[in-house]
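The structure that follows is given in the form of structure tokens.
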Amino acid sequence: MSVAADRSENLRMIRDSAGAVVPPGDLRRVRALRSGAPGIDRDVWREMCAMGWPGLRLPEAEGGSGLGMAEFCALVEELGRGLVPEPLIQGAFAARLLRGEALEALLAGERIVLPAWQERAGAIAAGRDAALRDGRVTGRKLFVPMASCADAFLVTTHDGLALVRADAPGVSLEIAGTQDGGHFGTLSLDDAPAEAVAAATEDAVDEALDEAALALAAYLLGAMERSFALTLDYLCTRRQFGRPIGSFQALQHRAADLGIQIALTRASVESAAATLDSAGPAAPRAAAVSRAKARAATASMLVTRQAIQLHGAIGYTDEADIGLYLRKAMVLANLHGSAAEHRARYARLLPETDHD
Amino acid sequence: MSVAADRSENLRMIRDSAGAVVPPGDLRRVRALRSGAPGIDRDVWREMCAMGWPGLRLPEAEGGSGLGMAEFCALVEELGRGLVPEPLIQGAFAARLLRGEALEALLAGERIVLPAWQERAGAIAAGRDAALRDGRVTGRKLFVPMASCADAFLVTTHDGLALVRADAPGVSLEIAGTQDGGHFGTLSLDDAPAEAVAAATEDAVDEALDEAALALAAYLLGAMERSFALTLDYLCTRRQFGRPIGSFQALQHRAADLGIQIALTRASVESAAATLDSAGPAAPRAAAVSRAKARAATASMLVTRQAIQLHGAIGYTDEADIGLYLRKAMVLANLHGSAAEHRARYARLLPETDHD
Amino acid sequence: MTDLNALDDEDFRLAVRRWLREAYPPELRNPPKRLHWRDNKVWYLKLAEKGWLAPGWPREHGGMGLSAAKQLIMLDEYERHGVARTNDHGIVMLGPLLIRYGTEAQKSRFLPKILSGEHIWCQGYSEPNAGSDLASVATTAVREGEDWVLNGQKTWTTLANDANWIFVLARTDRAAKKQEGISFFLVPMDAPGVTVRPIVNLDLHDEFCEVFFDTVRVPHDNLVGAVNQGWTMAKALLGFERVMIGSPKQSAYALGRLRLLAQRMGGWDDPVFQDRYTGLRLDLADHTSLYETYLEILRRGEMPGADASMLKLHQSELYQRITDTMLEIAAENAGLLEPMEGNRDLNPAGLFLQARPVTIYGGSNEIQRNILARTVLGLPG
Amino acid sequence: MTDLNALDDEDFRLAVRRWLREAYPPELRNPPKRLHWRDNKVWYLKLAEKGWLAPGWPREHGGMGLSAAKQLIMLDEYERHGVARTNDHGIVMLGPLLIRYGTEAQKSRFLPKILSGEHIWCQGYSEPNAGSDLASVATTAVREGEDWVLNGQKTWTTLANDANWIFVLARTDRAAKKQEGISFFLVPMDAPGVTVRPIVNLDLHDEFCEVFFDTVRVPHDNLVGAVNQGWTMAKALLGFERVMIGSPKQSAYALGRLRLLAQRMGGWDDPVFQDRYTGLRLDLADHTSLYETYLEILRRGEMPGADASMLKLHQSELYQRITDTMLEIAAENAGLLEPMEGNRDLNPAGLFLQARPVTIYGGSNEIQRNILARTVLGLPG
């Protein structure tokens, strides 16, 4: 078999396995977990770990599967289709930076480690105002998704990465519910005992952050595609004026435009994944991520908003599943940087010169 | 009769008289004048003067009709419907600032005086780098519409207004054709003999400029309304797939959106005219003009562009009249300030404060 | 009692303003969601007591008998003060219809109880399969002796869970053309066979309900107007509504919140934001100018035509564009379930969700564009 | 002669690039408007001489017989170098159709003359009442003995004023369903009864023409394929075209000109402009990624489906948005008839006008959206 065919077989298998763990058609589990703490199902998390998902990107020598961003994005996209709340993107982010026993426990599903990297709203880059001295961390980290399910946090500091147990003294967590039924945690660390994670360089953290941002774009892609499919179904089913409403040209044209935005998002995400999977200088790699995240943020909000409109009154009820997709987009579109932030970063990374 | 009814009777009469001089349905005259010098018909200009149009806004004591901006805008709007090339807006602008014999000659249709106020591209305010000393002007003025038909120019200078004969020594004019079949003149003045126009203050010039900008918005309003009417006719007439294309919902919805933009433009222009016609502080008056000009610029480009699209292939021929409306919008949308410049001026004039 | 119509406009405006300052409960100003009867009852009864509940009804029926111009001033002051809507379907919708089409008996039976707050009405028009296509109501009413028997289901019935009466469009002639076989009934919510099920919205509020009719029996006296005239009567009263639904107030409110949010997020001075904000501001200002031209028509006592639907279209989409912008600049706060920092004025997600249905209800914007294109622009059907 | 297919891709690319640098007339790079035969003839004949005129045709017919992948590399280099389109309807449209459907006699009669430049072809498809609805062609062909007699009118015939032959869709069966009564004819432009009238476009260029057929007689040999198979043949060749028409080249070219204009106007560093420019740049980059996925399909030798129409839709509207932006920032220069300062790279009005027809030709964007919605998204017809 050719390399390309091998790869596409890989991708197909990954998508299938994702569908087996979290069937996208059924959102009852997602609804049941809404707005409770910890907001995830630990058994499902363990199953994900058993499938090797948090370590998908790690070399086999480190207990991973040695696959690329293309594969990870395909997996995460499937989770997006099913609005899966378990924090795989964050877990994989942590796994990229941990080593040894801490990594093993994470990959085995025994401990959930979530990165706490953000110190201001809207950040793309890691905040490093927190301080790590003599094995103790002091600082404040914002917007940690699903923080209440963490056994430990991987904290960026001025002095490198630190691993802090959630139940350690000096650790306090403030929780704010999010529209998707999950939550953000504000993590306050007051001289909390921590373990330095020496192996990870700042560059490695930056790369892991970019991978997480791209994975978010892939998750949004899956979610918007699914919400669009639900909407097309509705347009074919719902009748008004004696015809299915999907036969009305104005709605057809709007659907066509949404389809184009989804296709652009897919092309952008897959192109960024391919860029990260190939060797190359740092700026175009980060720029590719920004391009994909900007597109995914904008397109996912457009598609899910329009999905509500195209569903009409039923779309405005909480009991219609379509609203769950809008809520998810509201939470993820700006996470790891809004469209505007990523557009600006793209322009900074790849300034236009007079190359004509 | 009530004041309001009187006023609306005035407006109706003005619109009727405009239609009599320049019937809007027939663009053969406009086509015939395209891209020739001087690009206007002097007889039509004299007829306009005989109707009292350049002096419409002047007090009766000065030989005018003593009417307001509402009336002037109504008149100019009708000219926009017919794409009339004669420079009434500029002539009226000059008339607002002249006095005595020069004014009489202008109002009588004997001499065409055009303002030359602009020293950089995109300007809204009068350029005053030109110098007037000892009865001689030196300077350079840009984008004088229909400059080749002028008998004299009314030039803004650092030292007040100056009247310069077009055939005076030291006056040279460079002509660049415009898309609407007219032209812009670049006026170079090299120690050219001039007559100081003492009466006009800087404030008066600023006000006349704002009136001209609003009049342009009204002209664009008339032009876009007419182009929309032509497009609606076409949509009702042209058949494809066995139906008039105007029965297709996607085109109907687009037409509805254009109709809304036109209605907003009318409301904006009429509101600005009413503001200028009432007493009040300078900033809100200028802001109302900026609001109307910004809307007219954006809406006229949108409407005329879409008019081409809705006409399909026929709209892309030079022989279809609809293209003349697009060309006119291309020339006027940015004249006296683009939409972006006027939005920015509006925000400067009326900064938002915490008034909640 | 002063003759309010005799006051000049400015004095009238000041009188309204004074009364709102005195009497309106401060905690009810600018509520983030539509209030239930339990919350707005206090204000409804204060209005009733003052005799200001029904500005547009003739005095003989207990209304204020205000001119259109005065009503608009009153409304304007209400909007400025952030006065919440009450459970006003009896006042706004049913009252004028009864006054115009009801029998004397119906007027004297129902109007006083609307004014006293004893009857709280809701409007039973939309159905699961008669949303955009309202004329295809499938709820039936069949004559049985002196009674009518209703069967069917209404949906999107605003605040039905507060109401004790509902006015219903029901089909009384299946053979007639869609619009011509519909009649108008008054139904007590406690009649056997009426069930109410609240619908939780995207913004997690239960403003709307489903109402089920299972062999509900009402006497013939509860039919308003002639049999099969229901649709015509319901439509005849839409002129004022068509304008009011396009009021700039939602957008104006949201724009203020957008400014506050931008200031809080530190992006207020960003030139890109400023440009966008100014664009929205100009859209609002031009909308307000357009709205004014329609108010002027109402002030003259005339009824605006179908072109007034432009107002609703533009306002609702502007409102959404403003709240879309809020989400875009709110960073991670765009996803929060509760207002930021416990400050209900910093609630981008909440306002965004509340702005969703405005392009759906009151005739979806798609329907409004159809009407505009065909009725106003004259495009072929 | 080297076997170009045997070269690796990079070597092939360099070979094409080298040849363009050597042979392509510099004054013809990036022409602002479509060139006439009098201007592009020199390049056409150079290509002919080198044997590079028909990259996609099999070698046995005088083509290069290049793989799809190699053709795309060639095209890419042409675009980078700013090579102008020639009068290529014979090469691109008619040649492949004759190779697939023509008789041996037709192939040997016509193909060599396309390659020599002796026959310059144009395409007679659109009619005044068969634009978006192309299948309703009204031009008729009636059999009379050994001849067919054509009557009717074609329009939007690109460069008909340069051509000496035209291929024509004409109705041969009025009773059949629209698509099924159409045949494909080859007509010399000097046949008695053929008249050409150039149409002047908005950008004051005569790229399109009307062609009139008044009792034009052609022998039966000039019918390609079977009677009534014209529509099927014309449609069968659209796969490659569907992708190519969505190439990002127009937008990429326009974006470069927008940058130049902004720099010239002094607004390049304005943050509001920068934000907008970056947005357009990202749209172009994402479009290019999407386009690449379709090129990949072509490289594999497969034919993309109807979903490829997304490319044309998005590209054409992006191109227009870029040129719209040019006008907005060009101040008074937006209205000029000629390029600014005599520099054809600073020509906002010209480029804006040239961008108008892209959403109309090649199946208007309205039609493309219909196709996308019904064929690809599966919405009901």
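In what follows, every chain begins at residue 1, and chains take the letters A, B, ... in the order their sequences are listed.
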Flag, side chain of D:Glu341 to backbone of D:Asn343, donor-acceptor distance under 3.5 Å = no

Does the pair A:Arg12/A:Asp16 count as a salt bridge with the N-to-O cut at 4.0 Å?
-> yes

With D:Arg356 as the cation and D:Phe352 as the aromatic partner, state whether NZ or CZ is under 6.0 Å from the six-membered ring centre and within 45° of the axis.
-> yes

Does any heavy atom of chain A fall under 4.5 Å from the side chain of D:Leu313, the backbone, both, or neither of them?
-> side chain

Checking D:Gln368 against chain A: side chain, backbone, both or neither under 4.5 Å from a heavy atom?
-> neither

Close contacts, residues 265-272 of chain A versus chain D, judged by heavy atoms under 4.5 Å | A:Ala267, A:Ser268, A:Ser271

Counting heavy-atom pairs under 4.5 Å to chain A, which of D:Thr278, D:Leu282, D:Leu311 comes out on top?
-> D:Leu282

Per-residue contact mode, A:Phe248 against chain D (heavy atom under 4.5 angstrom) = neither

Do the rings of D:His81 and D:Tyr24 sit parallel, tilted or perpendicular, given the 30° and 60° boundaries?
-> perpendicular

Between D:Ser289, D:Gly381, D:Ala373, D:Pro380, the one whose heavy-atom pairs under 4.5 Å with chain A are most numerous = D:Pro380

Portion of D:Asp307 that has a non-hydrogen atom of chain A nearer than 4.5 angstrom = neither

Minimum side-chain heavy-atom gap D:Thr288-D:Leu284 below 4.5 Å = yes

For chain A, the option from D:His314, D:Gln274, D:Arg281 that forms the most heavy-atom pairs under 4.5 Å | D:Arg281

Engaged part of D:Tyr277 at the chain A interface, taking heavy atoms whose separation is under 4.5 Å | side chain

Could you please state which residues from residues 273-286 of chain A sit under 4.5 angstrom from chain D, measuring non-hydrogen atom to non-hydrogen atom, sorted by number, or 'none'?
-> none

Measuring heavy-atom distances to chain D, does A:Leu350 have an atom under 4.5 Å in its side chain, in its backbone, in both, or in neither?
-> both

At their closest point, which heavy atom of A:Ala70 faces which heavy atom of A:Arg7, and how far apart are they?
-> CB-NH2, 3.1 Å

